[in-house]
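Below, all heavy atoms of this structure are taken into account, side chains as well, without hydrogens, waters or symmetry copies. Numbered from 1 within each chain, the chains take letters A, B, ... in sequence-line order.
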Number of protein chains: 2
Amino acid sequence: MVAATQEKTWTVGELAEELGVTTRTLRHYEAEGLLAPRRAGQNRVYTARDRARLRLILRGRRFGMTLAECREIVDMYDGAESSERLQLTTLLARLDDISADLRRRQDDLRRTLAEVGEVAGQCRRRLDELV
Amino acid sequence: MVAATQEKTWTVGELAEELGVTTRTLRHYEAEGLLAPRRAGQNRVYTARDRARLRLILRGRRFGMTLAECREIVDMYDGAESSERLQLTTLLARLDDISADLRRRQDDLRRTLAEVGEVAGQCRRRLDELV
DNA sequence: TCCTTCCTTGACGTTAACGTCAACGTAAAG
DNA sequence: CTTTACGTTGACGTTAACGTCAAGGAAGGA
């Protein structure tokens, strides 16, 4: 098992393809400080950790988080390994704020979904009447 | 009860203020065909119905719906009162698509919230270790 | 060697969703 | 009658999140 420590990596093209975005998006995220892939010479090398970060970002984007908000969240993964009480306490407070915000959005989504269901129900009733 | 049929109305400024947006936003939504308030001469007059539409729109915006998506949904409220079978059937299919999309976003949100909770938990554990 | 494919950086373009400013009308208050 | 506080339209500006070239480098196959 000589090669057991060789973790899988991706090129920009591969990772972009796999997650359904363009390479431009990956370079943009890097420019905005959301990703920081290794380099093999000039070329970017993405690890499984980079890939996980990217998936978090893309997931957030799908329900309206800005890149700045995404960055704040992924950065917290690193901050949570701090050893300073003040840092951890501050981070924890921020995380609570973020959770509250996400729950509000969850509520907005839930209500919207409910109302879409209402309209669908109304459609079905009118279709029944048309028999 | 002579005046019982006089429903409450709002001016742009009043409605914007009440819902926490600017008047520019209301005029923009009108230009994009999401709202169509009555006029009293030149001035816009918003009814409770307009207000309800606006609340739906703003709610959708909060979790990442575009104005075009918002318009499609609010327009369906009107379409659901159609009397043509084909119209209703088409609308119903579209509503199912939208519901599926919203549920995906709901899932994305749920997962993100869970992971934020994970990070918070990790913070708390590290804080405990620091006693 | 040449060709293709993938990568790089840099720079300008585009779209959505408003912000901002100008120039003007009008109705109530002082 | 003028000031103040709304309202109107029109037009240009701004920000975020990429899209879209352009120009070039490095690796591998025919």
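Here C:dC7 is the nucleotide among C:dC7, D:dT8, C:dA17 with the atom lying nearest to any side-chain atom of A:T11. Listed nucleotides D:dT9, C:dT9, C:dC18 differ in distance to B:T25; the shortest reach to its side chain belongs to C:dC18. In this structure, the nucleotide among C:dT8, D:dT8, C:dA17 sitting nearest to the side chain of A:N43 is C:dT8.
Taking atom CZ on B:R39 and atom P on D:dG7, their separation rounds to 12 Å, with Å as the unit. As a whole-Å value, the separation of B:H28 NE2 from D:dT8 P is 16 Å. C:dG10 atom C1' lies 13 Å from atom CD of A:Q42, rounded to whole Å. The nearest whole Å value for the distance from the CG atom in B:L26 to the P atom in C:dC18 is 10 Å. The nearest whole Å value for the distance from the CH2 atom in A:W10 to the P atom in C:dC7 is 15 Å. Between A:E30 atom CD and C:dG10 atom P there is a gap of 12 Å when expressed in whole angstrom units. We find that CG of B:L19 is positioned 17 Å from C1' of C:dC18, with the value rounded to whole Å.
Counting non-hydrogen atoms under 4.0 angstrom, A:T22 reaches the backbone sugars and phosphates but no base.
With sequence neighbours left out, the side chain to side chain donor-acceptor pair (under 3.5 Å) criterion links B:R94 to B:E72. A:Q122 pairs by the side chain to side chain contact (heavy atoms under 4.5 Å, CB included) definition with A:R125, B:A80, B:E81, not counting sequence neighbours. Scanning for side chain to side chain contact (heavy atoms under 4.5 Å, CB included) contacts around B:D107 gives B:R110, B:R111, with sequence neighbours left out. Judged as a side chain to side chain contact (heavy atoms under 4.5 Å, CB included), and not counting sequence neighbours, A:A93 has no contacts. Under the rule for a side chain to side chain contact (heavy atoms under 4.5 Å, CB included), the partners of B:T90 that lie at least two apart in sequence or sit in another chain are B:L86. Residues passing the side chain to side chain donor-acceptor pair (under 3.5 Å) test with B:D101, sequence neighbours excluded: B:R105.
Taking side-chain N and O atoms only, B:Y29 has a distance below 4.0 Å to OP1 or OP2 of C:dC18. The side chain of B:R44 contributes no N or O atom lying less than 4.0 Å from OP1 or OP2 of D:dG7.
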* Steps toward side chain to side chain contact (heavy atoms under 4.5 Å, CB included) verdict (B:S99, A:L113) -> CA-CA 6 Å; B:S99 291; A:L113 197 44; 4.2 Å; yes
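Between A:L67 and A:H28, some side-chain heavy-atom pair lies under the 4.5 Å cut-off. At least one side-chain heavy atom of B:C123 sits under 4.5 Å from a side-chain heavy atom of A:L95.
Residues from residues 66-77 of chain B lying near DNA chain C, meaning a heavy-atom separation below 4.0 Å, are B:T66, B:L67 in numerical order. Applying a 4.0 Å cut-off to non-hydrogen atoms, the residues of residues 46-62 of chain B that approach DNA chain C are B:R61, listed by residue number.
Contacts classified as side-chain hydrogen bond (donor to acceptor under 3.5 Å, both in side chains) and involving residues 18-27 of chain A (residues at least two apart or in different chains) are given here: A:W10-A:E18, A:E18-A:R51, A:T22-A:T25. Sequence neighbours left out, the pairs with a member in residues 53-68 of chain A that pass salt bridge (Lys or Arg N to Asp or Glu O under 4.0 Å) are A:R53-A:D75, A:R53-A:D78, A:R59-B:E115, A:R62-B:D108. Residue pairs that meet the side-chain hydrogen bond (donor to acceptor under 3.5 Å, both in side chains) test with at least one member in residues 31-46 of chain A, sequence neighbours left out, are A:E30-A:R39, A:E30-A:R44.
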Short N/O separations, protein against nucleotides 11-13 of chain C, under 3.5 angstrom:
none

